Amino acid sequence: MKKLFLMLFSIALLTSCSEDDDANGEDQILGLWYAVEITNPPIPGLVLSECNQNSNITFNSDSSTYSEFHTVVEGECEIEDTTESTWSKSNEIYTFTIPFEGLGQVNGTARFEGDTFIFTPIGSPDTSIVFER
């Protein structure tokens, strides 16, 4: 009887674990992130100004997003556009809408380093967009 119990317990333990589970059971991307840097942008001339760095995206646990794009209007840094969208993750590939004109929905990989994540679009592997909390 003890062997049967141990065997069933072991099977239950093994089937309840997953390789992609992180410590708290939530995806690292959840929360509010500010776009702070872009290297080798896919759109010529796209440079993040100090005002643009107020642009942000919130990833929610229900797979929804809310983003704000900030730009200078009549000398003042203001929200130019807001977007509600969705995000997804499949096989370590994230898909979401980037809050900058001309980028739209993209998919790529994210490397998390503390309060920073670096997003690399699949369609533009030389580009990286740095987000910070």
Side-chain angles (χ1 to χ4, degrees):
M1 185 62 120
K2 288 181 184 179
K3 288 182 182 179
L4 179 60
F5 175 76
L6 285 173
M7 188 173 76
L8 290 174
F9 179 75
S10 297
I11 290 171
L13 183 63
L14 289 173
T15 59
S16 67
C17 296
S18 173
E19 284 183 33
D20 61 354
D21 287 347
D22 42 325
N24 61 8
E26 293 186 348
D27 199 291
Q28 294 178 24
I29 204 166
L30 295 179
L32 174 65
W33 297 91
Y34 292 88
V36 296
E37 182 182 345
I38 185 166
T39 57
N40 298 317
I43 299 171
L46 178 62
V47 177
L48 296 185
S49 68
E50 186 175 329
C51 178
N52 295 145
Q53 291 177 357
N54 290 307
S55 299
N56 61 74
I57 184 167
T58 301
F59 294 89
N60 300 305
S61 60
D62 66 355
S63 298
S64 67
T65 66
Y66 173 79
S67 60
E68 298 176 341
F69 177 68
H70 291 249
T71 192
V72 176
V73 177
E74 297 180 9
E76 298 292 322
C77 184
E78 297 182 3
I79 297 173
E80 181 179 287
D81 192 24
T82 61
T83 303
E84 292 184 32
S85 187
T86 59
W87 71 274
S88 63
K89 178 183 174 187
S90 177
N91 297 322
E92 303 306 313
I93 302 297
Y94 287 90
T95 301
F96 60 94
T97 300
I98 305 262
F100 296 114
E101 267 184 61
L103 290 182
Q105 189 174 48
V106 295
N107 50 9
T109 59
R111 186 175 77 242
F112 294 90
E113 299 173 356
D115 286 341
T116 300
F117 88 83
I118 301 163
F119 182 76
T120 303
I122 290 175
S124 184
D126 293 333
T127 299
S128 61
I129 304 168
V130 179
F131 293 87
E132 292 181 351
R133 287 197 191 272

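Everything quoted here is computed from the prediction, not taken from an experiment. Along the sequence shown, the residues carry numbers beginning at 1.
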Would you name the heavy atoms of Thr120 and Thr127 that are closest together and state the gap between them?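 In terms of heavy atoms, the two residues are closest at CG2-O, 3.4 Å.
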
Tell me the closest heavy-atom pair linking Gln28 and Arg133, and the distance in Å. O-NH2, 3.1 Å

Under a single-linkage definition using a 4.5 Å side-chain heavy-atom cutoff for Ile, Leu, Val, Met, Phe, Trp and Tyr, are [X] and [Y] assigned to the same hydrophobic cluster?
X      : Y      : value
Phe117 : Ile122 : no
Ile93  : Ile57  : no
Val130 : Leu30  : no

Heavy-atom side-chain contact between [X] and [Y] under 4.5 Å:
X     : Y      : value
Thr95 : Gln105 : yes
Asn52 : Thr71  : yes
Glu68 : Thr58  : no
Asp27 : Tyr94  : yes

Within this structure, what is the [atom1]-[atom2] distance for the pair [X] and [Y], rounded to the nearest 0.5 Å?
X      : Y      : atom1 : atom2 : answer
Ile118 : Phe112 : CD1   : CZ    : 10.5 Å
Ser55  : Asp81  : OG    : CG    : 10.0 Å
His70  : Ser49  : NE2   : OG    : 11.0 Å
Tyr66  : Thr83  : OH    : OG1   : 8.5 Å
Thr109 : Arg111 : OG1   : CZ    : 8.5 Å

Is the backbone of Asn54 close enough, under 3.5 Å, to the side chain of Asn56 for a donor and an acceptor to pair up by distance? yes

Within the side chain of Asp62, is there an N or O that forms a donor-acceptor pair under 3.5 Å with the backbone of Ser64?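 At least one qualifying donor-acceptor pair exists.
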
Has Glu50 got more than 12 heavy atoms of other residues, nucleotides or ligands less than 6.0 Å from its CD? no

Just do the ring pair (Phe, Tyr, Trp, His ring centres under 6.0 Å) check on Phe96 and Phe59 with the steps written out, would you? CA-CA 9 Å; Phe96 60 94; Phe59 294 89; 5.0 Å; yes

Checking Val72 now: which residues fulfil side-chain contact (heavy atoms from CB on, under 4.5 Å) with it, not counting sequence neighbours?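 Here the qualifying residues are Cys51.
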
Result block: side-chain N/O donor-acceptor pairs under 3.5 angstrom for residues 31-48, not counting sequence neighbours:
| from | atom 1 | to | atom 2 | distance (Å) |
| --- | --- | --- | --- | --- |
| Trp33 | NE1 | Ile29 | O | 2.7 |
| Thr39 | OG1 | Ser128 | OG | 2.5 |
| Asn40 | ND2 | Asp126 | O | 2.9 |

Take Glu132 and Asp115 through the side-chain contact (heavy atoms from CB on, under 4.5 Å) test and state the conclusion after the steps. CA-CA 6 Å; Glu132 292 181 351; Asp115 286 341; 5.8 Å; no

